[in-house]
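Structure first, commentary second.
Computed from a prediction, not measured in an experiment: that's the story for all the values here.
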Amino acid sequence: MNEGADDGGGGGGAEGAARSLGCGRGGDGFVPSALGTREHWDAVYKRELQTFQEYGDTGEIWFGEESMTRLIRWMQKHKIPLDASVLDIGTGNGVFLVELAKFGFSDVTGIDYSPSAIQLSGSIIEKEGLSNIKLKVEDFLNPSTKLFGFHICIDKGTFDAISLNPDNAVEKRKQYVKSLSRVLKVKGFFLITSCNWTKEELLDEFSEGFELFEELPTPKFSFGGRSGNSVAALVFQKT
């Protein structure tokens, strides 16, 4: 995970993501966790890479398959050109990249700060017979100068993981927003799916340089007579 966004909640959908990322906060906000560290995700992807090599199991899908369908449908609805440049921030096992390529997107890039995640992604992409997907080991908080000019940036869980980093997470979130502003074109779109942040909180976090374009529907839950959304999915546009 760059965070490793596309890896972990498959089968269990939003609930799986919640378990893997420690979603849900107490009244005091985020509790620092190993889930926010590179060491944790390196270990996760080393295990998943070994599992793939031994059994051909691609691993779980972050927030479930419905999360990928939701984003691709939005791109289809708004007639995003198939040659638009798309960046998957914290691509994890790269399954979302595969879906984008199968749908017809031809300029797709996945980044992750875990070399094992990129190796796993590459193995899965090769197995699928796809050759037009670019993969790079990149720390999104300190991106290389070659990472810029994207029409679409997608985050499924990376910002959540950064928020759990035990080493000055507040500053890291600010750096994330700066990096996003640098790599995304003006008027470009940022699609974020989060299980740790509400719509209102995300609006505040990305208030500088971005404006809300659309809120995407997500699964609802009911408990104790109250209902709500366990996941927030928003589309921002760079101003």
Side-chain angles (χ1 to χ4, degrees), residues 1-10 12-36 61-71 73-75 77-78 88-90 92 96 140-141 152-166 168-181 184 188-239:
M1 194 138 170
N2 192 43
E3 74 73 75
D6 270 339
D7 121 63
E15 292 180 3
R19 288 193 298 271
S20 298
L21 261 185
C23 287
R25 293 176 287 169
D28 295 329
F30 291 104
V31 177
S33 167
L35 294 169
I61 301 170
W62 209 238
F63 296 109
E65 291 185 10
E66 73 276 5
S67 67
M68 299 192 299
T69 302
R70 183 190 308 129
L71 299 180
R73 282 179 177 169
W74 181 88
M75 296 167 78
K77 171 187 171 184
H78 290 278
D88 188 21
I89 303 168
F96 187 51
F140 191 65
L141 300 185
I152 305 282
C153 288
I154 296 170
D155 179 323
K156 296 201 296 105
T158 296
F159 193 68
D160 284 340
I162 288 173
S163 303
L164 299 173
N165 194 292
N168 201 352
V170 173
E171 199 57 42
K172 284 179 168 55
R173 296 201 309 265
K174 292 179 180 178
Q175 184 56 50
Y176 180 104
V177 177
K178 290 179 181 178
S179 295
L180 179 64
S181 182
L184 188 62
F189 294 105
F190 171 54
L191 286 63
I192 181 170
T193 303
S194 169
C195 61
N196 257 330
W197 295 88
T198 65
K199 171 186 175 181
E200 291 72 22
E201 289 169 332
L202 289 172
L203 289 175
D204 184 59
E205 289 290 316
F206 293 92
S207 60
E208 188 172 335
F210 300 89
E211 61 183 11
L212 180 65
F213 184 83
E214 188 173 346
E215 179 179 9
L216 303 181
T218 58
K220 293 184 179 295
F221 70 89
S222 296
F223 182 77
R226 303 180 66 181
S227 62
N229 295 76
S230 56
V231 173
L234 303 180
V235 179
F236 288 93
Q237 188 169 32
K238 182 179 173 181
T239 57

Any non-hydrogen side-chain atom of [X] less than 4.5 Å from a side-chain atom of [Y]?
X	Y	value
Phe210	Val177	yes
Leu71	Leu216	yes
Phe140	Leu180	yes

List, one per line, each side-chain donor-acceptor pair under 3.5 Å for residues 231-239, sequence neighbours excluded.
from: Gln237; atom 1: NE2; to: Lys187; atom 2: O; distance (Å): 2.9
from: Lys238; atom 1: NZ; to: Ser181; atom 2: O; distance (Å): 2.4
from: Lys238; atom 1: NZ; to: Leu184; atom 2: O; distance (Å): 2.7
from: Thr239; atom 1: OG1; to: Gly209; atom 2: O; distance (Å): 3.1

Rounded distance (nearest 0.5 Å) linking atom [atom1] of [X] with atom [atom2] of [Y]:
X	Y	atom1	atom2	answer
Asp204	Thr198	CG	OG1	9.5 Å
Arg73	Lys77	CZ	NZ	12.0 Å
Lys199	Thr218	NZ	OG1	11.0 Å
Asn168	Gln175	CG	CD	11.0 Å
Asn165	Arg173	CG	CZ	11.0 Å
Lys174	Lys172	NZ	NZ	13.0 Å

In terms of the angle between their ring planes, are Tyr176 and Phe206 parallel, tilted or perpendicular, with boundaries placed at 30° and 60°?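 Geometry flag for Phe206 against Tyr176: perpendicular rings.
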Hey, what's the ring geometry for Phe189 with Phe213, parallel, tilted or perpendicular (30° and 60° as the breaks)? perpendicular
Decide if atom CD of Glu214 counts as having more than 12 heavy atoms of other residues, nucleotides or ligands within a radius under 6.0 Å.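 Yes - once you tally the heavy atoms of other residues, nucleotides and ligands closer than 6.0 Å, there are more than 12.
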Please report the closest heavy-atom contact between [X] and [Y], naming both atoms and the distance.
X	Y	result
Ser163	Ala169	O-CB, 3.7 Å
Asp160	Cys195	OD2-N, 2.9 Å
Leu141	Ser179	O-OG, 3.7 Å

From the list Asp155, Ile152, Ile154, side-chain contact (heavy atoms from CB on, under 4.5 Å) with Phe190 holds only for Asp155
